[in-house]
Number of protein chains: 2
Amino acid sequence: MLDSETKAVELPEDHAEELRLWLRLLTCTTLIEGEVRGRLRQRFDVTLPRFDLMAQLDKAPDGMTLSDVSKRMMVSNGNVTGLVERLVESGHLDRRTSDTDRRVQVIRLTKLGRAEFRRMAAEHETWIADLFADLTPKDVRELMRLLAKTKASAQKSAGRRRA
Amino acid sequence: MLDSETKAVELPEDHAEELRLWLRLLTCTTLIEGEVRGRLRQRFDVTLPRFDLMAQLDKAPDGMTLSDVSKRMMVSNGNVTGLVERLVESGHLDRRTSDTDRRVQVIRLTKLGRAEFRRMAAEHETWIADLFADLTPKDVRELMRLLAKTKASAQKSAGRRRA
DNA sequence: GCCAGTTATTTGAAGCCTAAAGAATATCGC
DNA sequence: GCGATATTCTTTAGGCTTCAAATAACTGGC
């Protein structure tokens, strides 16, 4: 006979629920992201990654290093390099080498960049509100809680893998 | 004096909670997606879009048209064209023109494609289970419910925009 | 049968993104 | 100060992705 521990190893566990949850999470995000992307393009002729980068910088008046940005946005370093290049080119960002560490590039929003971002952000916020309009305040609170738990769980799992 | 209706229009509403929710949703998805992407690459040297496409086809033994795939995966038509091209090239997909409509391309998994997908999918499922491991069954159910509601809300909003 | 409109797919240009390798600079231990 | 190691950023190669325009094929009304 099998004891319960052996059973747990040998019987294939059923993870179908988690899989469905993941697919649903992905669908929601893709749906909303696509909508936001399209509206940003239509209304402001700006891409979502550019908007996201400006959003990070708007919260950091003293600027950020490229590494900071890369970590915050959860994208690769090389990605940030190109993104910043284009935004400097278009006059939205200012970029300078750090005084204390010549490896480091510090970027900030220019006056133009900040003004344009604020204008876009105001409208963006109404889009998000509209996209989530059918959720009650309680739904929102509950989702926040469960997503925080999900994030923690995923981070733990990701950490286990690299450890 | 302002009546309540005028107030509602004139006072800028506070959508900060919804915005935070959206950012958290995005963070969760990005985190998990990045993890899955990395593991697929490491273990099977396959990209996430390829895996996703094969997953769609695995559920459709009779094949799918490119448009079907494009709708299901929520990506553009042009995207699917290239993705399919590479997977046909590598022998994972079979592609033929429909008998009844010469515009339509029907794609299927090849024997090789199906075998490789099944092998990857089995492991993939355990990754997902691990990433969501700290959620209780109740958490999972509740998230499913709230995300379904979110999806419906977002679809409604997206529809309003296009209407 | 033919024309107008629609649908399925491809193409092209631009941008986004990653992983991995490389260059420049900083830091630590000695 | 020197060398080993680490960090910051860029570069490269390849793939993904979108949008918009183009091509090809179907459909319905006449």
Side-chain angles (χ1 to χ4, degrees), chain A residues 26 29-31 33-54 63-90 92-93 95-107 162, chain B residues 26 29-31 33-54 63-90 92-93 95-107 162:
Chain A
L26 189 55
T29 303
T30 305
L31 181 61
E33 195 173 339
E35 197 59 25
V36 171
R37 182 192 310 280
R39 296 192 199 199
L40 280 174
R41 176 178 205 78
Q42 278 204 335
R43 288 279 298 130
F44 303 113
D45 193 33
V46 75
T47 66
L48 184 51
R50 275 158 154 91
F51 179 82
D52 286 343
L53 175 47
M54 289 197 270
M64 297 174 80
T65 70
L66 296 202
S67 292
D68 288 345
V69 171
S70 159
K71 275 174 206 118
R72 284 296 195 91
M73 292 181 72
M74 298 195 282
V75 298
S76 66
N77 281 343
N79 188 355
V80 174
T81 296
L83 209 42
V84 166
E85 208 166 71
R86 286 183 288 272
L87 278 167
V88 168
E89 172 67 25
S90 64
H92 294 84
L93 259 55
R95 164 201 207 126
R96 66 182 60 168
T97 303
S98 162
D99 294 330
T100 57
D101 186 337
R102 275 180 306 176
R103 288 170 307 180
V104 174
Q105 303 285 315
V106 178
I107 54 175
R162 269 176 265 303
Chain B
L26 189 55
T29 303
T30 306
L31 181 61
E33 197 172 338
E35 196 60 24
V36 170
R37 183 193 309 281
R39 296 192 199 199
L40 280 174
R41 177 179 205 75
Q42 278 204 335
R43 287 279 298 129
F44 302 113
D45 193 32
V46 75
T47 65
L48 185 51
R50 276 160 157 82
F51 179 82
D52 286 343
L53 175 47
M54 288 196 271
M64 298 174 79
T65 71
L66 297 200
S67 293
D68 287 345
V69 172
S70 158
K71 274 173 207 121
R72 284 298 194 89
M73 293 181 70
M74 299 195 281
V75 299
S76 67
N77 281 344
N79 189 353
V80 174
T81 297
L83 210 42
V84 166
E85 207 166 72
R86 286 182 288 271
L87 278 166
V88 168
E89 172 68 25
S90 64
H92 294 85
L93 259 57
R95 165 201 208 127
R96 65 183 59 169
T97 303
S98 161
D99 294 329
T100 58
D101 186 336
R102 275 178 307 176
R103 289 170 307 179
V104 173
Q105 303 285 315
V106 178
I107 55 175
R162 271 177 265 302

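- Residues meeting the side chain to side chain contact (heavy atoms under 4.5 Å, CB included) test with Val104(A), sequence neighbours left out: Thr65(A), Ser98(A), Asp101(A), Val106(A).
- Each of Val106(A) and Asn79(B) was assigned the nucleotide of DNA chain D with the nearest heavy atom; the assignment lying further toward the 5' end belongs to Val106(A).
- Heavy atoms of Ser67(B) sit under 4.0 angstrom from primed sugar atoms or phosphate atoms, though from no base atom.
- In this structure, the side-chain hydrogen bond (donor to acceptor under 3.5 Å, both in side chains) partners of Ser90(A), at least two apart in sequence or on a different chain, are His92(A).
- Glu85(B) has its CD atom 13 Å from the C1' atom of dC16(D), to the nearest Å.
- You can see that DNA chain C meets the heavy atoms of chain A within a 4.0 Å-exclusive cut from dG15(C) to dA26(C), reading 5' to 3'.
- For Arg37(A) and dA20(D), the CZ to C1' distance is 16 Å, given to the nearest whole Å.
- In this view, Val75(A) and Met73(A), Asn79(A), Val80(A) satisfy the side chain to side chain contact (heavy atoms under 4.5 Å, CB included) rule, not counting sequence neighbours.
- Counting any heavy atom pair closer than 4.0 Å across all strands shown, Ser70(A) reaches no nucleic acid atom.
- Taking the nucleotide of DNA chain C with the nearest heavy atom to each of Lys71(B) and Met74(A), the more 5' of the two is matched to Lys71(B).
- The separation between Arg95(A) atom CZ and dT8(D) atom C1' is 12 Å, rounded to whole Å.
- Nearest-nucleotide mapping onto DNA chain C: of Gly78(A) and Val104(B), the residue sitting toward the 5' end is Val104(B).
- With sequence neighbours left out, the salt bridge (charged side-chain N to carboxylate O under 4.0 Å, His left out) criterion links Arg72(A) to no other residue.
- For Leu31(A), the side chain to side chain contact (heavy atoms under 4.5 Å, CB included) test picks out Lys151(B), Ala154(B), Gln155(B), with sequence neighbours left out.
- Across every non-hydrogen atom of Ile107(B) and Val84(B), the tightest pair is CD1-CG2, 3.7 Å.
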N/O contacts under 3.5 Å, protein versus nucleotides 26-29 of chain D?
from: dC26(D); atom 1: OP1; to: Arg102(B); atom 2: N; distance (Å): 2.8
from: dC26(D); atom 1: OP2; to: Arg102(B); atom 2: NH2; distance (Å): 3.3

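- Under the rule for a side-chain hydrogen bond (donor to acceptor under 3.5 Å, both in side chains), Glu89(A) has no partner lying at least two apart in sequence or in another chain.
- Looking at residues two or more places apart in sequence or on another chain, you find a side chain to side chain contact (heavy atoms under 4.5 Å, CB included) between Asn77(B) and Ser70(B).
- Remark: Arg43(A) engages Glu123(A) in a side-chain hydrogen bond (donor to acceptor under 3.5 Å, both in side chains) (not counting sequence neighbours).
- Under the side-chain hydrogen bond (donor to acceptor under 3.5 Å, both in side chains) criterion, Thr97(B) pairs with Gln105(B), not counting sequence neighbours.
- Annotation: proximity of residues 38-49 of chain B to DNA chain C (heavy atom, distance under 4.0 Å) is found for Arg41(B), numbered in ascending order.
- Between Asp52(B) atom CG and dC16(D) atom P the separation is 11 Å, expressed in whole Å.
- Distances were taken from every side-chain heavy atom of Ser76(B) (C-beta onward) to each of dT8(D), dT10(D), dT18(D); the shortest belongs to dT18(D).
- Residues Thr29(B) and Leu26(A) share a closest heavy-atom pair of CG2-CD1, 3.7 Å.
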